[in-house]
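Read the structure below first, then the notes.
Chain identifiers are assigned alphabetically (A, B, ...) following the order of the sequence lines, protein sequences preceding nucleic acid strands; residue numbering begins at 1 within each chain. Just so you know, these numbers use all the heavy atoms, side chains as well, and skip hydrogens, waters and symmetry mates.
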Amino acid sequence: MTSAADKARTAAAGRAAGPSAGPWRRALARLRRNRSAVIAAAGLLLIVLACVLAPVYAGAVARTDPFTSNASGTAIVDGQRVPVLAQSTEGLGLGVTPIGPTWDPGSYLLGADNQGRDVMARLLYGGRNSLLIGLSSALLCCAIATVLGVVAGYFGGWIDAVLSRFFDVVWAFPVYLLAICLSVVLLTSGLHLGPIHIDAGSLALPVVIIALIYVPYVARPLRGQVMALRDKEFLHAAVGLGASDLRIMRREVLPNVLPTVVVFLPLMTALNMLTESALSFLSVGVQSPDASWGTIINDGLALLYTRPAITLAAGLCVGLTAVALNVLGDGVRDALDPNARLRGGA
Amino acid sequence: MKRITAIAAAALLAAGAAACSGGGASTGTGPATGAAAQPGQAAAGFQEQHKGGTLRLLAKAGDGTLDPHINYSNGNWQIFQALYDGLVSFRKTGGERSYDIVPDLAQELPQVSADGTTYTFTLRKGVAFSTGAPVTADDVVASFERIFRVSGPTSGTFYAGIVGAADCVKKPAGCTLDQGVVADAAAGTVTIKLVAPDPEFLQKLALPHAAVLPKDTPAKDQGTSPIPGTGPYQVVSYDPNKQMKLVRNPHFKEWSRDAQPQGYPDEIDYAYGLTPEAAVTAVQNGQADWIFDPLPADRLTEIGTQYAQQAHVNALAAFWYIPVNVNLAPFDKPEAREALQWAFDKNAMVKMFGGANVAQPACTILPPAFPGHADFCDFPRQDLAKAKDLVQKSGTAGQEVSVVVADDEVSKQIGEYVRSSLEQIGYQAKLKVISTNIHFTYIQNTRNKVQLSVSQWYADYPAASNFLNVLLSCASFREGSDASINISGYCDKDMDARMAAAMKLGQTDQAGADRQWGEIDRELMKRGPIVPLFNPKQIDFVSRNVGNYQFHAQFHALLDQLWVK
């Protein structure tokens, strides 16, 4: 994603941060010099801000409740009061068409959906859920994967064998098929596992499902990295000094794999957000009355011929956010990758 | 009736249900509004110049078994009209006369004994199956026994009144009706004896479940294997995922234009697999002639304006409704049920269905122009303040309510609207969307504790009991069963007695019975086990090649009467 020029600038920035700066500061400096990543981060920030301000838009600007049907409501367009869902009056008078984009932020900026709800307001609320689920599930996934990957790689032997087979089993299923199966089952009665209780309609459910299905995708590379670390001198030294396994994993191994986890985080956020959208589009993700970009795409599908803006707007939001996250993820990888400095210094 | 699959149909059997439900279309009552609608035209003679050609039909998928004694779906019932005959039939014409019962394989309508329990039919001579074998009285007896042997979905309801049927329902495999259906081969008569008078018996005999088949037809579901019939066409191939092909029955000779007219196309090809969106485009382009599936909502305006000459809109004897579970909180309280009657703007739901010309808001359980319908509207408009007040009075405000809907687009939209309205009147409402394949049985089973759902009911035949008695009688309520068609769980012995009295009166005084049904409908609306939402209409979209469209009130478009030449 990032260009050679960006990489060169990134490496130069790392050197400019000075030899006394810590690795994280040097990485941040390199990231700030990466134009693509900065633009992506700015775009992402804009999207996040807009979504966070959804209640302000809905309450103060559009003055609408995006979760209440307004099928019999009216709106002011070009100074005239018109029905939000307009009955066809021509020919046989068949069909009802929701109001289209008015480009007026105060009145159905992007038009209405089949329920007569403001699409723009729903898009912002939906974005909150899509981003929340994408980020939360990425955090949860990376946390679980880090623990399992470090444990498997550090201990090896039967522990590694058991955990690796678990990764193999999860990996063996096509991701979406597994996610759909889990969703269909859990959406009926919720998740009740020991002390964990999640209601069927809760947003936590897609978070958990998406996090779990991607665990092997993060855990496997981490395991490999930890296995490579096991033969390093500093690890042997820690063992020789009598440090416990837990301490070695926490103080010696984890700091070395953390940059990899940080690189994974934006990439997994993008991937998880796309997965959430796909599941919601298939009606097995976010459940009504909540919305997400996936559910809005689904809502718009029934109006594709007459009001394509609904699907296009939500699709565009998903696409732009995923691209921004991926570009940012690439930038983070370049910033944290020690090879980048080597290449830059060559 | 509807596209319920064999599973749902079998469920109905156990429930003692008498009609069918789901998302499909059924009987129509009103006049066609499309430009080319020609009700009643079938009464005119056969027009030889239009004979020939291939009629190309489209559907998303096949509609189940080809066995007329088992299939309980609108899609194949429509096709069966060109394949099979019973002793009597609904008149094959457009408009309201299509509800008339006319003799079909019988020479004339039966002689009925004074006590109303014995029907004697004289068979027509010279009618043959598509194999060339003549239709005999033995075929008729064997066909009635087969209805029970294959555990037909309505064997325990529609035909349970035949003498000996009770034993056949219990032990289908060895079913004999030697006391109930008696053939006299020499006289060419068949006598059917009932345990009690049934004023709706002839209508039940006119349905495909009572089709006469060859006596050697195996007593098991024939699936995709065509069974020889007596109609103008025969099926030569059927794959529910690909295609059904019908060609002319070489042994068919028109014996009654009212009961079974000669068909026009030489061949009928029914292709499966296209989405409704693609099917609409195919008809627009003249690549197909008719679509079975409901038209996509976002194409309706286009069809109603640019293709108005090719669209036909007809009222159906059906309604969409909310079954209210009267045995579960919060709707075990009468005030909470009354609140529901005021909670919804039915015009809003009509909009979600396609607009005022595609559906009408419903005030009553019995559809307009249906026998027994009384023209009242006790809950004429949405009144959220009143509904909120009633919820408060009932002491149920703030309780959790879930609405279970099928995953088709319209049901989801209606469900979301219902959920939103419930929130507005003070409940914590959730929407539960489940697969259309299991929705109908799921909402019937009391173990699933469904408080509210969105369902549909399409009449099997024109009788008030087919709505009120089936949907709200104690006999239709079975706890813990997937086949409890009284989804509301409403059981009131007094109402049962009133319905029984209305049915009995119908034997002698139909007008008086209809008045009673109207009063029962009104009383049930007050008690609130059902919230009627709207009465849908059927839109048939045909290619510009097609002529002679006729809408049959019971079986919809008469496909074999369409001209493609």
Quiz item: Is a side-chain donor or acceptor of B/Lys351 paired with a backbone partner of A/Val96 at a separation under 3.5 angstrom?
Solution: no

Quiz prompt | Donor-acceptor pair between A/Ser72 and B/Asp345 side chains, under 3.5 angstrom | solution = yes

Quiz item: In terms of heavy-atom contacts, does CD of B/Gln428 have more than 12 from other residues, nucleotides or ligands at under 6.0 Å?
Solution: yes

Quiz item: Measuring heavy-atom distances to chain A, does B/Gln382 have an atom under 4.5 Å in its side chain, in its backbone, in both, or in neither?
Solution: neither

Quiz item: Can you tell me how far the CG atom of A/Asp299 sits from the NZ atom of B/Lys412, to the nearest 0.5 Å?
Solution: 7.5 Å

Quiz item: When heavy-atom pairs shorter than 4.5 Å are enumerated against chain A, which of B/Ala348, B/Gly304, B/Ala429 gives the highest number?
Solution: B/Gly304

Quiz prompt | Test item: A/Arg117 and B/Glu416 side chains (from C-beta on) under 4.5 Å apart, heavy atoms | solution = yes

Quiz prompt | Which portion of A/Gln87 sits near chain B, non-hydrogen atoms under 4.5 angstrom | solution = side chain

Practice problem: Report yes or no: does B/Asp298 contribute a side-chain atom to a donor-acceptor pair with the main-chain N or O of A/Tyr305 at less than 3.5 Å? | Solution: yes

Exercise. Look up atom CG in A/Asp65 and atom CD in B/Glu423, then write down how far apart they are to the nearest 0.5 Å.
Key: 9.5 Å

Practice problem: Look up atom CG in B/Asp407 and atom CG in A/Leu282, then write down how far apart they are to the nearest 0.5 Å. | Solution: 11.0 Å

Exercise. Compare all side-chain heavy atoms of A/Gln115 with those of B/Met352 and state whether any distance is below 4.5 angstrom.
Key: yes

Quiz item: To the nearest 0.5 Å, how far apart are CD1 in B/Ile414 and OG in A/Ser69?
Solution: 9.5 Å

Quiz item: With a cut-off of 6.0 Å (strictly less than), are more than 12 heavy atoms of other residues, nucleotides or ligands near CG of B/Asn285?
Solution: yes

Quiz item: Non-hydrogen atoms of chain A under 4.5 Å away: do they reach the side chain of B/Gln424, the backbone, both or neither?
Solution: side chain

Quiz item: Given a strict heavy-atom distance threshold of 4.5 Å, which part of A/Thr68 is in contact with chain B: side chain, backbone, both, or neither?
Solution: both

Quiz item: What residue among B/Ile539, B/Leu295, B/Thr301 forms side-chain contact (heavy atoms from CB on, under 4.5 Å) with A/Leu94?
Solution: B/Ile539

Quiz item: Which value, rounded to the nearest 0.5 Å, describes the distance between A/Leu301 atom CG and B/Glu277 atom CD?
Solution: 8.0 Å

Quiz item: Should we say atom OH of A/Tyr176 is surrounded by more than 12 heavy atoms from elsewhere, each under 6.0 Å from it?
Solution: yes

Quiz item: Can you name the nearest heavy-atom pair linking B/Glu409 to A/Asn114, along with the distance?
Solution: OE2-ND2, 4.4 Å

Practice problem: Would you name the heavy atoms of B/Asn357 and A/Gly93 that are closest together and state the gap between them? | Solution: ND2-O, 3.0 Å

Quiz item: Which pair of non-hydrogen atoms, one from B/Ser420 and one from A/Phe67, has the smallest distance, and what is that distance?
Solution: OG-O, 4.1 Å

